[in-house]
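This is a predicted model, so every value here is computed, not measured. Order of the sequence lines fixes the chain letters, A, B, ..., with proteins taken first and strands second; residue numbering starts at 1 for each chain.
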2 protein chains.
Amino acid sequence: MEYLVTKRSHPTADEIYSSLVKEMPTLSRTTVYNTLNILIGANIVRVVTIEEHEARYDADITDHGHFKCERCGTIYDFRIDTDAIRTEELKNFKINEKDVYYRGICAKCLGNIE
Amino acid sequence: MEYLVTKRSHPTADEIYSSLVKEMPTLSRTTVYNTLNILIGANIVRVVTIEEHEARYDADITDHGHFKCERCGTIYDFRIDTDAIRTEELKNFKINEKDVYYRGICAKCLGNIE
DNA sequence: TTTCGTGCAAATTATTTGCACTCCC
DNA sequence: GGGAGTGCAAATAATTTGCACGAAA
C-alpha cells in the first residue's frame with residue numbers, strides 16, 4: 001500500500017512484485033495479488049484496465065481519467081468533471097463506478113517527433 | 001461482421017464463435033480472432049474492455065459510453081458529449097481514442113429489487 | 001506456383017486456486 | 001490449538017502463434 005501511495009505511477013501487479021521483492025525477498029506474487037484484492041475490496045485501490053492484457057493499480061480513488069501514451073507507454077492522470085457528461089439515457093440507473101480511458105500521443109512524445 | 005452489425009449487443013469472441021459455428025460448422029476460434037483483429041485494424045470495430053478478463057466487440061465506432069449492469073450483466077450504450085469533459089491537462093496531447101465505462105445497476109434491475 | 005484465409009494444436013501469460021507451513025493470539 | 005497471512009506450484013482461461021493444408025488467382 002505504501003508503495004502504491006508513494007509511487008504515483010500505475011504499476012502492474014508484476015511491477016509491484018518486482019520492486020518490492022528487493023526489500024522483501026520472501027515476497028510472492030500470490031501475496032501481491034491477495035493484498036491488492038483486499039485493498040480493492042476495501043475501496044482503497046482502483047484497478048486501471050487501460051490495457052487489455054494486464055491490470056494496473058491506482059491508490060487514487062478520486063474521480064479522474066487516465067490517458068495512455070501509445071508511444072512511450074506513460075499513463076497520465078487528468079481531472080474530469082463527470083457531471084458534465086450528459087447521461088440522460090442512464091437517468092434511472094445507479095452508477096457505482098466511472099472509468100474514463102483516453103489513448104493517444106502525449107505532448108512530450110509529440111515534441112520529440114518534430 | 002454482419003453478425004456484429006445486426007446483433008447490437010457486445011459479444012465476446014467466444015460468443016461470436018459459438019453463435020456462428022452453428023451456421024458455419026468449420027469455423028474456428030482462430031478465424032474469429034483473426035477476423036476481429038483485421039476489423040479492429042481497419043477501424044471498423046472497437047474493443048470494449050469493460051470486463052477485465054474478456055474483450056467484447058462493438059461494430060459501433062461512434063463516440064459513446066458503455067454501462068455494465070453488475071446484476072444482470074447487460075451492457076448498455078449511452079451517448080456522451082466528450083467535448084463537455086474538460087481536459088485542460090491534455091491540452092497538447094493528441095487523443096486518438098476515448099473509452100468511457102460506467103458500472104452499476106440498471107433501471108430494470110433496480111425495479112425488480114423493490 | 002504463389003498467396004491468402006483457414007483451422008488445429010501447442011504456447012503464452014496474467015491471474016487464481018489448492019494446499020502446506022509458520023507465526024502469533 | 002486455531003486462525004490468519006504467506007508462498008510455492010499447479011490450474012485456469014483468453015488470446016496468440018506455429019505450422020500445414022487447400023482454394024483461388
- Send over the distance from E54(A) CD to dA14(C) P, rounded to a whole Å. 6 Å
- Query: Any idea which heavy atoms bring C106(A) and C69(A) closest together, and the distance?
  - Reply: N-SG, 3.4 Å
- Note on the structure: For I44(B), the hydrophobic cluster (side chain heavy atoms closer than 4.5 Å, chained through members) also holds M1(B), Y3(B), L4(B), V5(B), I16(B), Y17(B), L20(B), V21(B), M24(B), L27(B), V32(B), Y33(B), L36(B), L39(B), I40(B), V45(B), V47(B), Y57(B)
- Query: If two hydrophobic side chains count as joined below 4.5 Å and joins carry through other members, does F93(B) share a cluster with I80(A)?
  - Reply: yes
- Taken in chain and number order and not counting sequence neighbours, the residues that satisfy ring pair (Phe, Tyr, Trp, His ring centres under 6.0 Å) with F78(B) are Y102(B)
- When you check every protein heavy atom under 4.0 Å of nucleotides 20-25 of chain C, what one-letter string (B, S, -) results, 5' to 3'? ------
- Can you name the residues that form a salt bridge (Lys or Arg N to Asp or Glu O under 4.0 Å) with E89(A), not counting sequence neighbours? R79(B)
- Message: Which residues pass the side chain to side chain contact (heavy atoms under 4.5 Å, CB included) test with R8(A), not counting sequence neighbours?
- Response: A59(A), D60(A)
- Applying salt bridge (Lys or Arg N to Asp or Glu O under 4.0 Å) to E97(B) and not counting sequence neighbours gives R103(A), R46(B)
- With D77(A), which residues qualify under salt bridge (Lys or Arg N to Asp or Glu O under 4.0 Å), at least two apart? none
- Item | Qualifying residues under ring pair (Phe, Tyr, Trp, His ring centres under 6.0 Å), relative to Y101(B), sequence neighbours excluded | none
- Any residue meeting ring pair (Phe, Tyr, Trp, His ring centres under 6.0 Å) with H64(B), in chain and number order, not counting sequence neighbours: H66(B)
- Estimated bend of the helix from dT1(C)-dA25(D) to dC25(C)-dG1(D) (axis per five terminal pairs, rounded to 10 degrees): 0°
- Close side-chain approach of R71(B) and K108(B), heavy atoms under 4.5 Å: no
- Task: Kindly indicate whether the side chain of K68(A), heavy atoms from C-beta on, has any atom under 4.5 Å from the side chain of T74(A).
- Result: no
- Task: Tell me, please, the opening and closing nucleotides of DNA chain D, 5' to 3', among those with an atom under 4.0 angstrom from a non-hydrogen atom of chain B.
- Result: dA14(D) to dT17(D)
- Strictly below 4.0 Å, heavy-atom distances to any atom of DNA chain D: list the hits from residues 17-46 of chain A, or just say none. T26(A), L27(A), S28(A), T30(A), T31(A), N34(A)
